[in-house]
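The structure appears right after this line, and notes come after that.
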Amino acid sequence: MPSEFDKPYDPKSVEPEMYKKWEESGFFNPDNSPGKRTKPFTIIMPPPNANGSLHIGHAVFVTLQDIMIRFERMRGKKTLWLPGADHAGFETQVVFDKKLEKEGRNRFKIPREKLYREMLNFTAENKTVMENQLRKLGASCDWSREKFTLDKDIIEIVYNTFKKLYNDGLAYRDSKIVNWCTKHQTTLSDVEIKYVERKDPLYYIKYGPVTLATVRLETKFGDTAVAVNPKDKRYKDLVGKEIEIQTLLGPAKIKVIADEMVDPKFGTGAVKVTPAHDPNDFEVWRRHKNEIPGPRPVIDQYGRIDLSGFSNRPAAQKYHGLKILEARKIMEEDMQKEGLMVKIDPDYMHTVATCYKCGTILEPRILPQWFIAMTAKPKGGGKSLRDLAIEAVKKGEIKFMPQRMEKIFMHWMKNLRDWNISRQIVWGIQIPAWYRSEETYVGKDKPAGENWTQDTDVFDTWFSSGQWPFATLMATGKNDFKTFYPTNVLETGWDILFFWVARMIMLGKYSTGKIPFKTVYLHGLVRDKDRQKMSKSKGNVIDPLGMAEQYGTDGLRMALVIGNLPGNDVIISEEKIRGYRNFANKVWNASRFVLMHVAKAPIKNKIKYSKQKKQMLEKLKECNKKVTKHLEEYKFHHAADTLYHFFWHYYADKVIEHLKKDLDSEDGTVEKETAKALLLKFHTTLIKLLHPFMPHITEKIWEHIPKEGEKKLLMIEEWPKL
RNA sequence: GCGCGAUUAGCUCAGUGGUAGAGCGCGUCGUUGACAUCGACGAGGCCAGAAGUUCGAUCCUUCUAUCGCGCACCA
């Protein structure tokens, strides 16, 4: 037995060596893979955010995707696993803001160019770290094709898509009410909102003859109408008339309008209309444009009361510049003093929209932004983005794992609203739109003529990553798009189904006419043993690289895949990883035993399988079949679990134990040679089957297993035939 | 309000139209060679509740309860 086969198994001495061999072989690249490989199998790696280290969730996707890729590579497919990194616009901006804060700096005081350069360096550093971490986890991806979302060629493709959308009337700029985070000083799309339940006072206030209910007392200065339901008899005589009201700034007149939006059963059946600061009121105004004044903003970008439009009202001074909650409190007191407050319900429960990153209550504001139309048809004819996606799924061109995600997907697609893709941050792809007085030009370069200025906003990061499958394959050239698109599987977490998957389907189909992938496999989120989401603040994170270092990558991979069903959250604990480290050791020791007894290939004509041994081989075949079937059906947890049990509790416990006495016979006897042959057959098959799951240890063992013919890396060996 | 799940051994979860399985944990026993990161044996479950379909339901249908999640609305 080779001296390197010491016990126990030491991953640290094996893993780096194995990865080096694979990488140097060039076989990660489908162009170099041996044999006649014509059938492609492609996975585009979800590009990790280049703003930190890999976490356990990344380790899950690496494991699952690497299993698929290694399996299909061994089955002789032309496998491409294309790695990448995401600049992750807003997310990285938030991370970088915190870093700046620690240094006593502030992004709003740094010139655009300088900030961008600093962030580019920051992400470049993280990217290098991440690449090495992916290697450490055994990812057999094609590094020669790696892409970054800010690569020149990718940006070019994103620009082209935007221009096409613009020409089709599907990308448009409009002043609409959008979600504004007063902390981050940018708008967010509708999927970046987190709704939280809150208890707030509900104020019943007097507007002349009408009493109405509101939470947002401070927006009162921006009221432009009072609305009631058209069927509400109580207010029938007031509709269409102006009523005299008393405000904190003095007397005023306001019109009563009728709109279906008003629920006569809520409150008093009358609402104040504040189009500048409420999405519904904004819509009411759009419907009643000719009857009532337009939006009157009274809250600024920092969430402070801004009454600069009320200079003719001296009382405005008192409230101008106050924060929202301060103003609300003071106004409450003042209105009570002036007898304008009818009553206060202090325990009103409602939900408010908050920033998903910082929890700040989002302030609806009217801003000119770029939107992608979800439900409108392109000018030149054809289907809306939404219909393109719905159709692809309905027709079964795209399948979901688990299947129930399809329903969730469809439900979401039905409720789609236009997508705001403008972000008021520096970090990202600047929107290629140019303005001059009333003119707008969309294109990469500044148009001819004087006084053009470019939009200072950048794209929502998901706008560019929504094009990732085709953008990467177009950017790597070499006919890759033609060969590898549509890709086979998109494997990612269910938490970004709407953020990312839906957008890729829409933009992929729109831009290329083809779906971006055939199967969407959604893995669960990793939780700790108390079912808690892992987060740095809770201190319950399991660092995958630390675990790999301590227990070996292969054991970690087994722990990540077993019990991991699509769409179900997976519970990972250190004990579980330790359990599969033990399995790696078991595989190692069984291999020591085999190598000890089967140093040379058995003598062929001395092999005679008894009925019992034939049954054993039959069992092996069954296992082989089962594992293959599970892998084909994306049931990785079953495949891994099947192998674990078969190897340990059948092969090691039963077969090896049974063969021990035969192996004690003299060399050259039928007993011994038959036992050797059986052992070799089992071991060879199982090591191959285990390879996608535990690539390092199996590759190392493979080096020492006696075999006939050409010696190849296990990575490119043939998958055992059924 | 609309929608999607879950409920099986102490814990984490598989599973099947013919009255149940694994891992971990627990208990007892066992080390001169593949492996104590091990092996042998064992305890432990009216498969959430009710009704229906069926010769037969943990599995299919309906309802109920509890828990979780998503979307929308909220003056």
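By convention in this document, chain letters (A, B, ...) are assigned in the order of the sequence lines, proteins followed by strands, and residues within each chain are numbered from 1. A quick note: this is a predicted structure, and the numbers were derived from the prediction, not measured.
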Could you tell me the separation between the CZ atom of A/Phe498 and the P atom of B/G3, rounded to a whole number of Å? 15 Å
For B/C4, the Watson-Crick or wobble counterpart (both distances under 3.5 Å): B/G68
With sequence neighbours left out, which residue pairs that include part of residues 655-665 of chain A fulfil the salt bridge (Lys or Arg N to Asp or Glu O under 4.0 Å) condition? A/Lys613-A/Asp662, A/Glu657-A/Lys660
Plane angle bin for A/Phe498 and A/Trp412 - parallel if under 30°, tilted between 30 and 60°, otherwise perpendicular: parallel
Atom pairs, protein N/O to nucleotides 36-43 of chain B N/O, distance under 3.5 Å:
{"unit_1": "B/U37", "atom_1": "O4'", "unit_2": "A/Asn582", "atom_2": "OD1", "d": "3.1"}
{"unit_1": "B/U37", "atom_1": "O2'", "unit_2": "A/Asn585", "atom_2": "ND2", "d": "3.1"}
{"unit_1": "B/U37", "atom_1": "O2", "unit_2": "A/Arg581", "atom_2": "NE", "d": "3.1"}
{"unit_1": "B/U37", "atom_1": "O2", "unit_2": "A/Asn582", "atom_2": "OD1", "d": "3.4"}
{"unit_1": "B/C38", "atom_1": "OP1", "unit_2": "A/Asn582", "atom_2": "ND2", "d": "3.2"}
{"unit_1": "B/C38", "atom_1": "O3'", "unit_2": "A/Lys586", "atom_2": "NZ", "d": "3.4"}
{"unit_1": "B/G39", "atom_1": "OP1", "unit_2": "A/Trp648", "atom_2": "NE1", "d": "2.1"}

In whole Å, what separates the P atom of B/A40 from that of B/G23? 11 Å
Whole-Å distance between B/C67 P and A/Asp569 CG? 19 Å
Let me know the distance between CG of A/Asp495 and P of B/G70, rounded to the nearest Å. 10 Å
To the nearest Å, how far apart are A/Tyr650 OH and B/A22 C1'? 19 Å
Please tell me which of the listed nucleotides, B/C73, B/G23, B/G33, lies nearest to the side chain of A/Tyr195? B/C73
Do A/Lys329 and A/Glu332 meet the salt-bridge criterion of a basic N to acidic O distance under 4.0 Å? yes
Rounded distance (Å) that lies between atom C1' of B/G5 and atom NE2 of A/His411: 14 Å
Report yes if at least one side-chain N or O of A/Lys407 is closer than 4.0 Å to OP1 or OP2 of B/G5; otherwise report no. yes
What integer number of Å spans the C1' atoms of B/G10 and B/G44? 9 Å
Aromatic ring pairing A/Tyr644/A/Tyr580, orientation class (parallel under 30°, perpendicular over 60°, tilted between): perpendicular
CZ of A/Arg592 versus P of B/G33: gap in Å, rounded? 13 Å
Looking at B/G52, which nucleotide sits across from it as a Watson-Crick or G-U wobble partner, both distances under 3.5 angstrom, or is there none? B/C60
Return whichever of A/Met349 or A/Arg404 has its heavy-atom-nearest nucleotide of RNA chain B closer to the 5' end. A/Arg404
Plane angle bin for A/Tyr650 and A/Phe682 - parallel if under 30°, tilted between 30 and 60°, otherwise perpendicular: tilted
Please confirm whether A/Lys586 makes a cation-pi placement over A/Trp588, using NZ or CZ under 6.0 Å from the six-membered ring centre and within 45° of the ring normal. no
Return the value, rounded to whole Å, for the distance between atom CE of A/Met413 and atom P of B/A72. 14 Å
In the structure shown, which nucleotide is the Watson-Crick or G-U wobble counterpart of B/C11, with both distances under 3.5 Å? B/G23
Nearest to the side chain of A/Glu657, heavy atoms from C-beta on, is which of B/C73, B/G5, B/C35? B/C35
Pair A/Glu218 + A/Arg328: basic N to acidic O under 4.0 Å: yes
Identify whether any heavy atom of A/Ile408 sits under 4.0 Å from a base atom; if not, whether one sits that close to sugar-phosphate; answer base, sugar-phosphate or nothing. sugar-phosphate
With the threshold set at 4.0 Å, does a side-chain nitrogen-carboxylate oxygen contact exist between A/Asp10 and A/Lys12? no
Pick the P atom in B/G56 and in B/A9, then give their distance to the nearest Å. 27 Å
Expressed as a whole number of Å, how far does the P atom of B/G21 sit from that of B/U37? 30 Å
So what does A/Val215 hit on the nucleic acid, given a heavy-atom distance under 4.0 Å: a base, only sugar-phosphate, or nothing? sugar-phosphate
Quick one: do A/Lys676 and A/Glu671 make a salt bridge, cutoff under 4.0 Å? no
Could you check whether the rings of A/Tyr348 and A/Phe266 sit parallel, tilted or perpendicular, using 30° and 60° as the cut-offs? perpendicular
Just call it for A/Leu202: base, sugar-phosphate, or nothing, with non-hydrogen atoms closer than 4.0 Å on any strand. sugar-phosphate
C1' atom, B/A57 versus B/G42: distance in rounded Å? 31 Å
Using a cut-off of 4.0 Å on non-hydrogen atoms, how would the nucleic acid contact of A/Lys635 be classed: base, sugar-phosphate, or nothing? nothing
Under a 3.5 Å cut-off for both distances, is B/C35 Watson-Crick or wobble paired, and to whom? none
What's A/Ala652 touching, base or sugar-phosphate or nothing? Going by heavy atoms closer than 4.0 Å. base
Where each residue is assigned the nucleotide of RNA chain B containing its nearest heavy atom, which of A/His645 and A/Lys576 is assigned the position nearer the 5′ end? A/Lys576
With rounding to the closest Å, how many angstrom separate the C1' atoms on B/C46 and B/U7? 16 Å
Around A/Lys707, counting heavy atoms of other residues, nucleotides and ligands shown, do more than 12 lie under 6.0 Å from its NZ? yes
Between A/Lys253 and A/Glu242, is there a donor-acceptor pair closer than 3.5 Å when you use the side chain of the first and the backbone of the second? no
d(CD, A/Glu575; C1', B/C11) in whole Å: 11 Å
Between the protein and nucleotides 14-17 of chain B, which nitrogen or oxygen pairs are less than 3.5 angstrom apart?
{"unit_1": "B/A14", "atom_1": "OP1", "unit_2": "A/Asn568", "atom_2": "ND2", "d": "3.1"}
{"unit_1": "B/A14", "atom_1": "O2'", "unit_2": "A/His638", "atom_2": "NE2", "d": "3.2"}

If you measure from the C1' atom in B/U8 to the same atom in B/A48, how many Å do you get, rounded? 10 Å
Any strand, both distances under 3.5 Å, Watson-Crick or G-U wobble: B/U16 pairs with none
Please state whether the base of B/A34 and the side chain of A/Lys660 form at least one donor-acceptor pair under 3.5 Å? yes
B/G70 and B/U28: how far apart are their P atoms, nearest whole angstrom? 46 Å
